[in-house]
2 protein chains.
Amino acid sequence: MLPPYHRLEEFVPLTPAETRIAEGWTSSKRSVKRHHIIRREGDQVAGVFFLLAGWVGSSVMLRDGRRQIVKVHLPGDMLGFPSLSLVHAGETLEALTDAVICPIPNAAIGKLLMDNPRLATGLFLSTQKERVALMQKLSWLGATSALERMVAFLLDLYDRAKSSGLAKENRFEVPLTQQQLGELLGLTAVHVNRTLKRLDSSGLLERRKALVRLIDIEGLQKMTANIPPCFAHHDAWVRLGSPSSDA
Amino acid sequence: MLPPYHRLEEFVPLTPAETRIAEGWTSSKRSVKRHHIIRREGDQVAGVFFLLAGWVGSSVMLRDGRRQIVKVHLPGDMLGFPSLSLVHAGETLEALTDAVICPIPNAAIGKLLMDNPRLATGLFLSTQKERVALMQKLSWLGATSALERMVAFLLDLYDRAKSSGLAKENRFEVPLTQQQLGELLGLTAVHVNRTLKRLDSSGLLERRKALVRLIDIEGLQKMTANIPPCFAHHDAWVRLGSPSSDA
DNA sequence: CGTTCCATTGACGAAGCTCAAAAAAAGTGG
DNA sequence: CCACTTTTTTTGAGCTTCGTCAATGGAACG
C-alpha cells in the first residue's frame with residue numbers, strides 16, 4: 001500500500017534510481033499473524049523491517065515481567081532501527097494485527113549508508129523524527145495524568161492513521177487490548193478502562209469495539225498540554241545545504 | 001577534554017582524515033554560564049552542538065508550564081540532533097553547570113552526511129543508541145516506582161560519568177536541583193527529596209551537597225528492574241558489512 | 001459448546017501530590 | 001567580609017490518583 005520510500009522521501013527528495021532501491025526492499029515479504037513475535041528482545045540483530053501492512057508494537061521488558069510499549073507502528077514505518085546499535089535486540093517487535101513485513105538485512109542498510117548519501121540522509125532525519133516522538137511520549141508519561149495521556153495518544157494515533165490512509169471521517173481502529181494500552185501509557189488495564197469510560201461519557205469520542213470515533217477533536221486537543229512539534233519535511237534538506245542540488 | 005569524535009568512533013573506526021574533520025568542529029568554542037539557555041524550544045534550528053565541558057539538560061515543555069527533562073548530557077555528547085527534523089527546535093538546551101559548547105552549523109552536518117559516509121554511519125548509529133536510551137527511560141517512567149527510577153538514573157549517570165572521566169572512586173557530582181531531578185524522573189520536588197532521604201538512610205549511597213557516593217553498587221542494581229542493553233561498538237560496523245574494509 | 005481471553009465494575013489500599021512553612025544554602029551588592 | 005535576598009532543601013498533614021485484588025459478564029475461537 002504505502003511505498004517503502006515514504007519515510008525517506010519525507011525529508012529528502014529522491015531520484016528515480018533511489019526510489020527503485022527502496023522499492024527493492026519489498027522484494028521479500030513476510031506475513032505474520034496477530035500476536036506473532038517478529039523479533040524478541042535479546043535476539044540477534046539480523047536486520048530491520050519495513051512494515052507494509054498491519055500494526056506492530058515495539059516494547060521493552062523489565063526483569064520482573066513488566067513491560068513498556070514504546071511505539072505503535074503503522075504501515076510505512078521502519079521497525080527495529082534502534083537495535084542496530086546493539087549486540088542483542090533491545091526491543092521486542094510484536095504484531096498487533098495480522099501484518100506484512102519486509103526484512104531488510106544489515107548489509108543492505110550498510111550498503112545504503114555507504115553508497116547512497118541522499119537515502120542515508122533521509123533515513124537519518126526520519127530517525128531524528130522518531131527521537132522527537134519519543135521525547136514527546138516521555139513528557140506524556142512524566143508530566144501528565146491518565147486522561148491527558150490517553151487523549152494525547154489517541155490524537156497522535158489519529159493523525160498517523162490518517163496519513164497512512166487508515167482513518168476516515170474521524171473514525172479509526174485501535175486494535176490494542178486495554179492491557180496493551182496500559183503498557184503503552186504506563187497505566188493498569190483497570191485504570192485504562194475507567195479512563196476510556198470517562199472519555200466516552202464526556203461525549204468527546206465514541207467507542208464501538210476497537211473502532212474509535214473522535215466526535216470533538218478541538219475539545220480533545222484542549223485536554224492535552226502538548227505543544228505539537230512541526231516537522232521540517234523537505235525544508236530540512238534545504239537547510240542542511242541540499243549539497244547536490246545547489247553545488 | 002574528550003575528543004569530538006568520541007561518539008562517532010564508538011561504532012565506526014575512523015581514518016586520520018575523518019578524525020581531523022571531527023576535530024575541526026571544536027574550532028569555535030562558546031562558554032556558557034550555569035542556567036543559560038543555549039537554545040529554546042521554538043527557536044530556529046541553526047545547527048547542533050558538541051558539548052566539550054560541563055552538563056547540559058535537554059527538555060520538552062508542555063503548554064501549562066510543566067516540563068520534562070529528556071536527557072542530561074555529559075561532555076562528549078552531541079546536542080540538538082533531534083531538532084534537525086523540525087522547523088523550530090523541539091527541545092530546550094539549558095546549561096546545568098558552566099559549560100563549553102561548539103556550535104556546528106547545519107551545513108556542516110549536511111556536508112558530512114553527503115561526503116563522508118563513514119562519519120555519517122557513526123553518527124547514525126550513535127543516534128540509534130540515543131534512541132535506545134530514550135526507550136529505556138520511557139520504561140522507567142511508565143513502569144517503575146519513584147525509588148527504582150531514582151536508582152536507575154543514578155546508576156546510569158554514574159556509568160556515563162565514569163566514561164567521561166567525571167567519577168572517581170564511586171563518587172560523582174549531580175549538579176541538578178531536586179526540582180530538576182523531579183522534572184527528569186516525573187516526580188515532584190518534594191517526593192524527590194523523600195526518595196533521596198530514603199536512599200541515604202538505606203546505607204546504599206551517601207549524599208553530601210551535590211556529591212553522591214555509591215556505597216553498594218550491586219545492592220543498588222538489585223533495586224532496579226532494568227535489563228541493561230549491551231551496545232555493539234565496532235561490531236555494528238562489521239555487521240553492516242564494513243563495506244570499505246571488506247570490499 | 002466449552003475454553004480462553006477481554007472488558008467491566010466494586011471495594012480498598014498505597015504511592016505520590018498539594019499546600020504550607022521553616023531551615024539551610026547560595027548568590028549579590030556594598 | 002558582611003548583610004540581604006533568593007533559591008534550594010527539608011518536613012508535616014491531608015488528599016487524590018491510580019494500583020491491587022477479586023469477581024462477573026461478554027466476545028472470540030477452536
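Below, chain A is the first sequence line, B the second, and so on; all start at residue 1. Bear in mind that the values here come from a model prediction, so they are computed numbers and not experimental data.
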Any N/O pairs under 3.5 Å between the protein and nucleotides 24-28 of chain D? List them or say none.
none

Interatomic distance where CD belongs to B/Q178 and P belongs to D/dT11 [whole Å]
10 Å

Bending between helix ends of the helix from C/dC1-D/dG30 to C/dG30-D/dC1 [5 pairs per end, 10° resolution]:
60°

Within the sub-3.5 Å range, which N or O atoms of nucleotides 19-21 of chain D have a protein N or O partner, and how far apart are they?
| residue | atom | partner | partner atom | Å |
| --- | --- | --- | --- | --- |
| D/dG19 | OP2 | A/T188 | N | 3.3 |
| D/dG19 | OP2 | A/T188 | OG1 | 3.2 |

Heavy atoms of other groups near A/R40 CZ, more than 12 under 6.0 Å:
no

Using a distance-only test with no angle check, is there a side-chain donor-acceptor pair under 3.5 angstrom linking B/S145 and B/E148?
yes

If you measure from the Lys or Arg side-chain nitrogens to the Asp or Glu carboxylate oxygens, is any gap between B/E91 and B/R39 under 4.0 Å?
yes

Once you round it to whole Å, what is the distance between P of D/dT7 and CG of B/L96?
17 Å

NA contact type, B/R34, heavy-atom cut-off 4.0 Å: base, sugar-phosphate, or nothing?
sugar-phosphate

Check ion pair B/R160-B/D77 (N to O, under 4.0 angstrom)
yes

A/R207 CZ: over 12 foreign heavy atoms closer than 6.0 Å
yes

Nucleotide D/dT8, atom C1' - distance to CD of B/E183 in whole Å:
13 Å

Chain A on DNA chain C: first and last contacting nucleotide, 5' to 3', under 4.0 Å to a heavy atom?
C/dC6 to C/dA11

Decide, yes or no, whether a salt bridge links A/K33 with A/D98 under the criterion of side-chain N to carboxylate O below 4.0 Å.
yes

Residue list, ring-ring contact (aromatic ring centres under 6.0 Å, His included) with B/F81, at least two apart or on another chain:
A/F124

Rounded to whole Å, CG of A/L185 lies from C1' of D/dT17 at a distance of 15 Å

Would you say B/N193 places a side-chain N or O within less than 4.0 Å of OP1 or OP2 belonging to D/dT9?
no

Rounded to whole Å, please give me the gap between CG in A/L147 and P in D/dT17.
11 Å

Stepwise side chain to side chain contact (heavy atoms under 4.5 Å, CB included) test for A/E94 and A/Q180
CA-CA 11 Å; A/E94 174 185 354; A/Q180 289 168 329; 4.1 Å; yes

Quick check on A/R198: does its CZ atom have over 12 non-hydrogen neighbours (other residues, nucleotides or ligands) under 6.0 Å away?
no

So, A/T127 and B/Q128: side-chain donor and acceptor under 3.5 Å apart, yes or no?
yes

NZ/A/K71 to OG/A/S58 distance, rounded to the nearest 0.5 angstrom?
9.0 Å

B/Y158 meets the ring-ring contact (aromatic ring centres under 6.0 Å, His included) criterion, sequence neighbours left out, with B/F172

Under 6.0 Å from the CZ atom of B/R63, do we count more than 12 heavy atoms belonging to anything else shown?
yes

Atom-to-atom span, CZ of B/R198 to C1' of D/dT11 - whole angstrom
16 Å

